[in-house]
Amino acid sequence: MVTATVFNHAGGAGKTSITLNVGHELSRMGLRVLLADLDPQGNSTSWMGLTDVDLAETVYPVATEGAPLPTPRQAHGLSVIPAQVDLAQAEIGIASMPGAHLFLRQALQTVSDQYDVCLIDSPPSLGQLAILGALAADRLIVPVPTRQKGLDALPGLQRATALYRRLRPELTVALYVPTLYDARRTHDRTVLDELRAYLSPLSEPMPQREAVWLDSTMAGEPVGVYAPGSPVHEDIKRLTREVAQALGVVI
């Protein structure tokens, strides 16, 4: 199993969209995919149509006690470790427990023969849960909006990545993903040129096509279920191929 954490400390970068939809597309291609939602907002969880989540079903016991990974929920062909708002309490528990930042990595290693890919949806922060998710990963996938705020966030991203690599020297960024791209806007094209100059490896940009994203979220379905064959679905399939190549996953 290869584990990739989708990470950006800034909100609105497209972490959940990438984690859930690339994960679903990989599962459609026949891979066994585990998705772990580490964001107490639970956006991946709700997008998959999962409700009434108990705290014991989340990574909370893993993160605070070193417990085994809970039994995943099944949704749209994915195995999902869901999240809910009380998961935020883990921030205190992780900070007070020596070695807790590696608990998730250790728990995932015990199920590594059951899955081909694990994708972790990291919270939009530099807190303890974000560290937990980063250190559990073999590789990081970093979405960066093609906006000024995306450029402004890069120094913080690079500092965070440098910190994680001091703790796990083998951890690398598998792929940077430009998101929210609108080729009609000069601003977006300029930012994309900047990202291409400074970041590598960089995927092709993910176009901003808000309607289908929003509607599939409300439907509680991945785009490949809600709007198969749509332009957004084609974007996801293209990105999935790039992610798979970056992670060394055969599809």
- Query: Can you name the residues that form a side-chain hydrogen bond (donor to acceptor under 3.5 Å, both in side chains) with Arg166, not counting sequence neighbours?
  - Reply: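 Once residues adjacent in sequence are excluded, Arg166 has no partner under the side-chain hydrogen bond (donor to acceptor under 3.5 Å, both in side chains) criterion.
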For [X], all residues meeting side chain to side chain contact (heavy atoms under 4.5 Å, CB included), sequence neighbours excluded:
X      : result
Thr110 : none
Ala36  : Leu38, Ile81, Ile120
Gln245 : none
Asp235 : Met206, Pro207, Arg209

Would you say the side-chain atoms of [X] pair up with the backbone N or O of [Y], donor to acceptor, closer than 3.5 Å?
X      : Y      : result
Arg189 : Ala183 : yes
Thr146 : Leu192 : no
Trp47  : Leu20  : no
Arg168 : Leu135 : yes
Thr179 : Gly14  : no
Asp138 : Val2   : no

- Query: salt bridge (Lys or Arg N to Asp or Glu O under 4.0 Å): which pairs involve residues 151-160, sequence neighbours left out?
  - Reply: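 Passing the test, one end in residues 151-160: no pairs.
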- Task: Could you name each residue pair satisfying salt bridge (Lys or Arg N to Asp or Glu O under 4.0 Å) that touches residues 196-206, not counting sequence neighbours?
- Result: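 Applying salt bridge (Lys or Arg N to Asp or Glu O under 4.0 Å) to every pair that reaches into residues 196-206, excluding sequence neighbours, yields Arg196-Glu204.
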- Test side-chain contact (heavy atoms from CB on, under 4.5 Å) on Tyr176 and Ser203 and set out the steps. CA-CA 6 Å; Tyr176 292 94; Ser203 76; over 6 Å; no
Listing request: all side chain to side chain donor-acceptor pair (under 3.5 Å) pairs with a residue in [range], at least two apart in sequence or in separate chains.
range            : result
residues 76-91   : Gln74-Ser79
residues 117-133 : Thr16-Asp121, Ser44-Asp121, His101-Gln128
residues 25-34   : Glu25-Arg28, Glu25-His233, Arg32-Asp116
residues 51-66   : Glu57-Arg73

- Pair Arg185-Gln208, side-chain hydrogen bond (donor to acceptor under 3.5 Å, both in side chains): steps then yes or no: CA-CA 11 Å; Arg185 290 195 288 249; Gln208 185 175 19; 3.0 Å; yes
- Query: Do other residues, nucleotides or ligands put more than 12 heavy atoms under 6.0 Å from Ile92 CD1?
  - Reply: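 For Ile92, atom CD1 is not crowded (no more than 12 foreign heavy atoms under 6.0 Å).
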- Stepwise salt bridge (Lys or Arg N to Asp or Glu O under 4.0 Å) check, Glu234 with Arg238: CA-CA 6 Å; Glu234 294 303 317; Arg238 186 263 306 157; over 6 Å; no
- Roughly how far, to the nearest 0.5 Å, is the CG atom of Leu151 from the CG atom of Leu157?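 If I round to the nearest 0.5 Å, the distance is 11.0 Å.
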- Message: Among residues at least two apart in sequence or on other chains, which ones pass ring-ring contact (aromatic ring centres under 6.0 Å, His included) with Phe103?
- Response: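 ring-ring contact (aromatic ring centres under 6.0 Å, His included) check on Phe103 returns nothing, list empty.
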- Does any non-hydrogen side-chain atom of Thr240 lie less than 4.5 Å from one of Leu26?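 With C-beta onward as the side chain, the pair touches.
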